[in-house]
Each structure stands twice: as structure tokens, then as C-alpha cells.
Engineer: 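First, the structure itself, so that you have it in front of you.
Counting starts at 1 for both ligands and their atoms, in listed order. Residue numbers run from 1 in the order of the sequence given.
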Amino acid sequence: MPALQEVMRQRELTPDDVLAAAKTYVPTGKHDEAIIFASGGHSGQMFMIGVPSMRLLRTIAVFTPEPWQGWGYGVGNEILEAGNAKDQELTWADTHHPALSETGGDYDGEWCFINDKANARVAVIDLRDFETKQIIKNPISMSDHGGTFVTPDTDYVIEGGQYATPLGWEYAPMQDYEEKYRGMVTFWKFDRDRGRIDPDQSFAIELPPYWQDLMDAGKKASAGWLFGNSINTEMAVGTLEEGGQSFEAGVSQRDMDYLHVMNMAKIIELYKAGKHEPINGFPVIRLQTLIDEGVLFFVGEPKSPHGVDITPDGKFIVVSGKLDPHVTIYGFENIQKAIADKKFTSNDQYGVPVLDFDACKVAQVEVGLGPLHTQFDDKGYAYTSLFLEPAVARWTLGGDFGDLNPEPDWTLVGKTNVHYNVGHLLTYGGDTVNPKGKFLVAMNKWSIDRFFPTGPLLPQNFQLIDITETGETMPLLYDMPIGFGEPHYAQMIEASKLKPWKVYPEVGWNPHKQAVDPNHTKSGKERIERKGDEVHVHMTVVRSHFAPEHIEVNQGDTVVWHVTSVERAQDATHGLAIPAYNMNLSIEPGEYVQIRFVADKAGTFPFYCSEFCSALHLEMMGYLRVKPAAVAQSQ
Ligand code: RUQ
Ligand code: CUA
């Protein structure tokens, strides 16, 4: 193809570049085969990204008000407020780990959960309309990190803590650290029929004040168990000001921290049997109860561990120690046997039995510097991110699964350099019982020279890597700048597993109830009704007008504005921007929304449609007139 050769010459592209482009290019009108749901880091949102094109498809507003989606500007406010920390309003979050809902250990494409590390909150997103339906503030913790992770059928959403505080986060001096500070894991019961977490069936467990880090729920062979990492088993309290050690130094002194092994099925039974006490009104199973009932064990893990990832068959637990060049692989059967044989080397200072490391360990693979997280594929490979190199390592899982002394075929196969400082990585379904292989994305924290410099603050870099071939070959295909927050984890699902609505199922649909709302307005029935101090506006929207267009109220009236889109055409979204009252709605085809506010500012306020919906979009407007109280009274 002479034209192709000419373009390659002019743009200085190598054959490998052109091959990478051909593997990722998605022509107009065609869709991506997979979708990434990425945490949005400090943006507090989630991002949907198409693969292999790496095009950003949309942001999902979660913890942060977002005007385009009308989130927190009249609608969604109660959901956001439910996440307040006591009386403090929160308008951002540090989202870390999205968790797609699972059935039988595989993504089912129905729900997504995500945590806020900064304030220990969890959100529920419905994947029919990609809207946040619920935000929950953890009643006993101000910090989480090991969340969200789901059990194989999404019965529970797991939220593990991070920085220890007294449970309920009341004041306690650092001298009281060992006695008063505690860690936790919270088990949020998910009610799939209602599409909500049910706080009344949820509970937490009290843990020693080690900083619990990532978690992963057992699956298949290990279903019913939960595994979690910890750092700061030193219980360093940070003595820099007294001439001692910083947290950085104090927290990384020991060579081993503790892998937490939790018998989740039994812990749930303890909760159901009432073996808990309330803290801040929330049921907590005490540490002593966990010890007495034999449902919590520790195993040493080297060194300042970060990721804990369970193999697709559920038989092995892979732990990466940030300061150890190996990944350590524990066998679930080995752990069970060590528990049954009481192979404890000691108890920790709170009395938790510590299992013999060598009895639980199956293998260690030297993967390289700064291993963090591991994902899997369909060929028996595991992939570990190496923050310090920075690279992605591919290694083989020991062949004979289930053998307590497998042949030493846990081996490093190859590495691909990434740019730069990779944190999490993800493969296609890479944390499920059914990983697909094919693509891997390195979620790089630094981009340095990869893009045009956007000032001193640079985007992160998602790098798409082709993992279809076996052996050492793992070519880099594409760089995607992420200039809107620092994503931590992400998951990739087949696009065909998602069943999004193209328009809301019926006119008058209330997305918060996922049902037709009795208050919706039918065409021809638009009206304004006064009920005491409340003025109810029953409005419809359709290209390109509001009905009614004139709304006159008295200063001090409460306006209850019911807006129904009678549109049935895909993508015929309207907005409703109300100046001075800081409101903007996104009214999608068929949607019913209700806003309520006190008309405390007198004046003339042109409201208008804020989505370019038609040729006469500018004409889609109306007037809200708020008559001053003095004038209204004199009439
Ligand atoms: S993590 S720092 Cu998932 Cu590696 Cu939050
Ligand atoms: Cu409706 Cu613009």
C-alpha cells in the first residue's frame, strides 16, 4: 500500500507502531469490545473507558457534585448528604477500588461499588443507567482502603480499613495507641432486589491497630474466607517530633507483617447469632470474640505487603511485598492444614494465633523491584506490577494445582517496561474465576515525558499491553493520559455483559426508585398548583420547549418542581439550568426528576435547557419570576 508507506515515512512510524495502531484503532461506528470501570482517584468519580481504543466514554458522578449529569445540583443531593461525616458536608472523595458485582465469581454486569479512602465511604452504582444510587458513611471508621471487594455472589461488599483510629474516631492520645486504636473490616450486606446496601444487616469486626491494607474474598476452593494484608504491625506511632522515627521509617521496620486469614462464613454466623456490640450504633464483633471463636489467624508476609490477590481457582493467595523482590504464594489447603494441625508459631500481642509461615507458603517467585498487585489470565500466567523498575512481570502459576508440594514451576517468564511507576494493573476479568487474557492495562502513576507537559502537574498514564502471545512477548500498544484525578484500581468487563438502558424504560421513570413515579406529568396535564406555602410545578420537556414556560411564585414559597421528559428518542437529553439557585438538571429520555427549593431570592430568572438538543435549543427556555415578599403581601 503506497499510501500507507508514505504516511509511515512522513510520521516516522515503525512497522511495530503501525501494528499497535491497527490493534487498537476502532473505526467510527464500531464499538469497543471491553469496558474498563476505573476509579477516579481524588476526582471522587468513576471513569468508563473503551478497550482497545482507550477512549474515555463517560464519567460516572459518584461522590463529587457534577453539573453535566445534574448530580448534586438539585438531584442526588440526598444521596450525597447521606455520606456526610456526622455534620460535615463532603464534596470530594479519594476513590480507590471499584468492584463490579459478581455471580459465581464472575462479573455479571449489574452493579458496581467503590470506596472513598479519605472518609471511609462506599457507593453503589446501577449499571443500567450508570448512576449512583447510594452512598454510605462507615459509622466506626474514618479511613478505608481494602474496599470495595465483593464475595463471589455479591452477598457482601467488603470494606477494609486503613489508618487505625479509635473505633468511632473519637479523640485518643498516641500513647494509648495499642490500647485504644483499632483496625476494622466492615461487611456490607447487599440486597440485590432493592439494589441497595442494607445497613441493618451489615456489621464490622474489630482488628488490632495494624494498618489493614488490601483485601480479597476467597472464591471457588477458598469461598467463604477473606484474606487481607496489613502494614504497621510495628504499631509505630510516629515519633519524628521527639527525635525518633517518621511513620515511613517506623512502619517498615519489621521483615514480616501479617496476612489476615478470616473465616468469613463463620464470622457471618457469629453476627447472626448476636455476638456483637454496638459502636456508634453499628454492630461490631470484638477482637476477643474472633480469637475465642477461632475465626481469625495471621501468617507472616514479607515485607511491607501491598496486594493480596487470589488465583482464579481460589487455591492460592498471592502477596506482594513492596520491599521484597518476590511475590509470596500461599496455598489455601496448606493454610487449612496448618489451622487443623494447630501449627502456630506464636500469638500476636492481642492473642491472635500466628500460623507457621513455611507451612502455609507454597512458593516465592523473584519478580523484581517493588511488586504491588497481581492479576491473572486464561493461560495460567500471573502478572505483577513492579513499581520501582517500573515494569509488568509475567510469571507462571505452579502447574499442579492442589498439590501441597508442587513442582518448582512458579517461574518468571518475562517483563515489559512501562512508563512510569506502575501502581495497579488489570487484565480482562483478571480478578475473577474466569479471566480472559488478551489485554492488560498498566495504571502508571507518573507519565514524565510521555505527553506534552501540562505544567508541573502531569496526567497519569494508562498503558495498554497486548498479552495474547505466550512467552516473553508482551508489546505495548497505547498510552492514555488520565488528566482528571489519580485512578487506583480498575476492572475490565466484556461490553456484551453490560445491558445498559438506551432510554428509560417508560415515560415518567424515577431513576432513584427504578420505577415509574406516580408524580410524573403526562403531556397535556402540565400545570402549576399551590398547596399552602408549596407551589408544585408539573412540567414536561420535549424538543424544544418546556411546558409550562412561566412560573411565578412568591418569595419564601417552597417550589416543588416535577420535570418529566416525554422523549423516547435515544440521546434526546434536555437540561434545566436555573440561575441564582445553583441548579442544573440532566433530564434523560423518559426520566422524571423532582427538585425542591425555597424561592428566597426575589427577581426574574430565565431558566433554560442546558443540553444542545435541537436546532431551536436556544429557544428552549422560560421565566421563573419570584415576587418580592413585600409586593406579594400588598396584593
Ligand atoms: S492501592 S494506594 Cu489499590 Cu495499590 Cu490504593
Ligand atoms: Cu432541550 Cu436544549
Engineer: What are the protein N, O or S atoms, given as residue plus atom name, that sit under 2.8 Å from atom 1 (Cu) of ligand 2?
Structural biologist: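 Within the sphere that stays under 2.8 Å of atom 1 (Cu) of ligand 2, the protein atoms of type N, O or S are His574 ND1, Cys609 SG, Cys613 SG, Met620 SD.
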
Engineer: So, Asn229 versus Tyr210: side-chain donor-acceptor pair below 3.5 Å or not?
Structural biologist: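 No - no donor-acceptor pair under 3.5 Å links their side chains.
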
Engineer: Nearest non-hydrogen atom to atom 1 (S) of ligand 1 belongs to which of His145, Lys322, Lys117?
Structural biologist: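 When every heavy atom of His145, Lys322, Lys117 is considered, His145 comes closest to atom 1 (S) of ligand 1.
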
Engineer: So which atom in Trp68 and which in Thr59 form the shortest heavy-atom distance, rounded to 0.1 Å?
Structural biologist: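 Reported closest heavy-atom pair: CZ3-O, 4.4 Å.
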
Engineer: Taking all non-hydrogen atoms of both residues, which atom of Gly250 and which atom of Ala236 are closest, and how far apart?
Structural biologist: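 Here Gly250 and Ala236 meet closest at C-CB, 3.5 Å.
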
Engineer: When you check the gap from the basic side-chain N to the acidic O, do Glu552 and Arg625 get nearer than 4.0 Å?
Structural biologist: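 Looking at Arg625 together with Glu552, the answer is yes, because their closest N to O distance falls below 4.0 Å.
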
Engineer: Are Leu259 and Pro305 side-chain neighbours, meaning at least one heavy-atom pair lies under 4.5 Å?
Structural biologist: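 Result no, sub-4.5 Å side-chain heavy-atom pair not found.
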
Engineer: Side-chain contact, heavy-atom cut-off 4.5 Å: Met620 with Tyr608?
Structural biologist: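 The answer is no; the side chains never approach within 4.5 Å.
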
Engineer: What protein N/O/S atoms sit under 2.8 Å from atom 4 (Cu) of ligand 1, by chain and number?
Structural biologist: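 Protein N/O/S atoms under 2.8 Å of atom 4 (Cu) of ligand 1: His306 NE2, His373 NE2.
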
Engineer: Only heavy atoms of His97, strictly under 4.0 Å: list the atoms of ligand 1 that pass.
Structural biologist: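 Under 4.0 Å from His97, ligand 1 has these atoms: 1 (S), 3 (Cu), 5 (Cu).
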
Engineer: So do the side chains of Leu576 and Phe546 get within less than 4.5 Å of each other, counting heavy atoms only?
Structural biologist: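 Side-chain contact under 4.5 Å: yes.
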
Engineer: Check Met474 against Ile465 and note the closest heavy-atom contact, atom names and distance.
Structural biologist: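 So the two residues come closest at O-CG2, 3.7 Å.
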
Engineer: Just checking Tyr623: does its OH atom have more than 12 heavy atoms from other residues, nucleotides or ligands closer to it than 6.0 angstrom?
Structural biologist: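 Open: at most 12 neighbouring heavy atoms sit under 6.0 Å from OH of Tyr623.
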
Engineer: Could you check whether any side-chain heavy atom of Asn138 comes within less than 4.5 Å of a side-chain heavy atom of Val122, counting everything from C-beta outward?
Structural biologist: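 A side-chain contact under 4.5 Å is absent here.
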
